Amino acid sequence: MVSWIILIISLILLVVGVATGVGTFSWLRDARTAEGTVIELVENKSSSRKKGKKSTFAPRVSYQIDGQDRDFVSSQSSNPPDFKIGEKVRVATNLQRDKESIATFGELYGFSVGATFIGLAMAGTVVALMNGDKLLRVFHPHLG
């Protein structure tokens, strides 16, 4: 029973990972790029609520597109910060969808890749364990 629950969870992770990756690919297809500058590192206070946990920091990026000044805070934060104040970054923006992101692989597809691979690893492990006796006979036929 537990194996089936873990298998279902792993398949959900796999579907979420693929779906978010396809969604990112879709909005990037119509996105424009601009040069931006990291203007601030915003502390993520929720990450430091637990005792002993370090705060994480998300970059606030300012950029200009079509003569309009814009800025946003990245949805991803880390400690140590991935970016420095004053650092130039490429920004991908899709004004029709009101979405913007720093144009790095990790910022755009990090969650999707992580969820997909964790889902695949969990599913593969569960399937192997559920069929362990068959696999054992394949690799060690002398065990019967």
Side-chain angles (χ1 to χ4, degrees), residues 1-140:
M1 179 66 170
V2 173
S3 296
W4 285 105
I5 293 170
I6 294 172
L7 184 61
I8 290 167
I9 292 169
S10 66
L11 293 176
I12 290 169
L13 272 173
L14 183 61
V15 168
V16 167
V18 170
T20 57
V22 169
T24 298
F25 185 85
S26 174
W27 85 260
L28 278 174
R29 192 176 46 221
D30 300 321
R32 297 169 55 198
T33 61
E35 184 177 280
T37 304
V38 176
I39 58 171
E40 180 184 5
L41 295 173
V42 179
E43 184 177 5
N44 182 348
K45 294 191 188 306
S46 66
S47 66
S48 63
R49 283 190 184 154
K50 294 180 183 172
K51 221 178 221 184
K53 294 284 184 180
K54 292 182 178 180
S55 294
T56 59
F57 299 89
R60 178 182 301 276
V61 177
S62 99
Y63 67 99
Q64 189 177 69
I65 196 156
D66 296 334
Q68 183 181 25
D69 290 329
R70 298 178 59 97
D71 73 87
F72 69 97
V73 177
S74 174
S75 61
Q76 295 187 24
S77 62
S78 62
N79 189 349
D82 289 333
F83 301 93
K84 293 181 174 116
I85 294 174
E87 184 174 347
K88 300 291 184 197
V89 295
R90 196 81 174 128
V91 175
T93 183
N94 186 325
L95 299 176
Q96 285 96 7
R97 295 194 192 180
D98 197 32
K99 186 169 181 173
E100 51 216 344
S101 179
I102 297 174
T104 65
F105 185 80
E107 291 273 326
L108 295 169
Y109 289 103
F111 174 80
S112 302
V113 170
T116 300
F117 283 125
I118 289 170
L120 282 172
M122 285 175 61
T125 301
V126 169
V127 168
L129 291 174
M130 290 171 75
N131 295 289
D133 289 339
K134 292 176 189 171
L135 287 171
L136 189 61
R137 284 193 291 279
V138 168
F139 292 115
H140 301 286

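Because the structure is predicted, anything quoted here is derived from the model rather than measured.
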Between the side chains of Asp98 and Arg70, is the shortest nitrogen-to-carboxylate-oxygen separation below 4.0 Å, so that they form an ion pair?
yes

Can you give me the closest heavy-atom contact between Ala128 and Leu135, atom names plus distance?
O-CD1, 3.6 Å

Can you give me the closest heavy-atom contact between Ala92 and Trp27, atom names plus distance?
O-CH2, 3.5 Å

Would you compute the distance between atom OG of Ser75 and atom CD of Glu100 and round it to the nearest 0.5 angstrom?
10.5 Å

If only side-chain N and O atoms count, and only distance matters, is there a donor-acceptor pair under 3.5 Å linking Glu87 with Thr37?
no

Between Tyr63 and Thr93, is there a side-chain heavy-atom distance shorter than 4.5 Å?
yes

Give the minimum heavy-atom separation between Pro59 and Gln76, together with the two atoms involved.
CD-O, 3.8 Å

Shortest non-hydrogen contact between Gly21 and Tyr109, atoms and distance:
O-CE2, 3.5 Å

Throw together a table of side-chain donor-acceptor distances under 3.5 angstrom for residues 7-17, partners on residues two or more places apart or in other chains.
from, atom 1, to, atom 2, distance (Å)
Ser10, OG, Ile6, O, 3.3
Ser10, OG, Leu7, O, 2.7

Roughly how far, to the nearest 0.5 Å, is the CG atom of Asp82 from the OG1 atom of Thr104?
8.0 Å

Interatomic distance, CG@Asn44 vs CZ@Phe57, rounded to 0.5 Å, equals 9.5 Å

In Å, rounded to the nearest 0.5 Å, how long is the span from CG of Leu28 to CZ of Phe25?
8.5 Å

Passing option when Pro81 is tested against Thr56, Val42, Leu41 for side chain to side chain contact (heavy atoms under 4.5 Å, CB included)
Leu41

To the closest 0.5 Å, what do you measure between CZ (Phe83) and OG (Ser78)?
8.0 Å

Thinking salt bridges, do Glu35 and Arg90 make one under a 4.0 Å N-O criterion?
no

Work out which heavy atom in Gln64 is nearest to a heavy atom in Ala34; give both atom names and the distance.
O-CB, 3.8 Å

Nearest 0.5 Å, please: how far is CZ in Phe72 from OG in Ser62?
9.5 Å

Check: Thr20/Ser112 side-chain N/O donor and acceptor closer than 3.5 Å:
yes

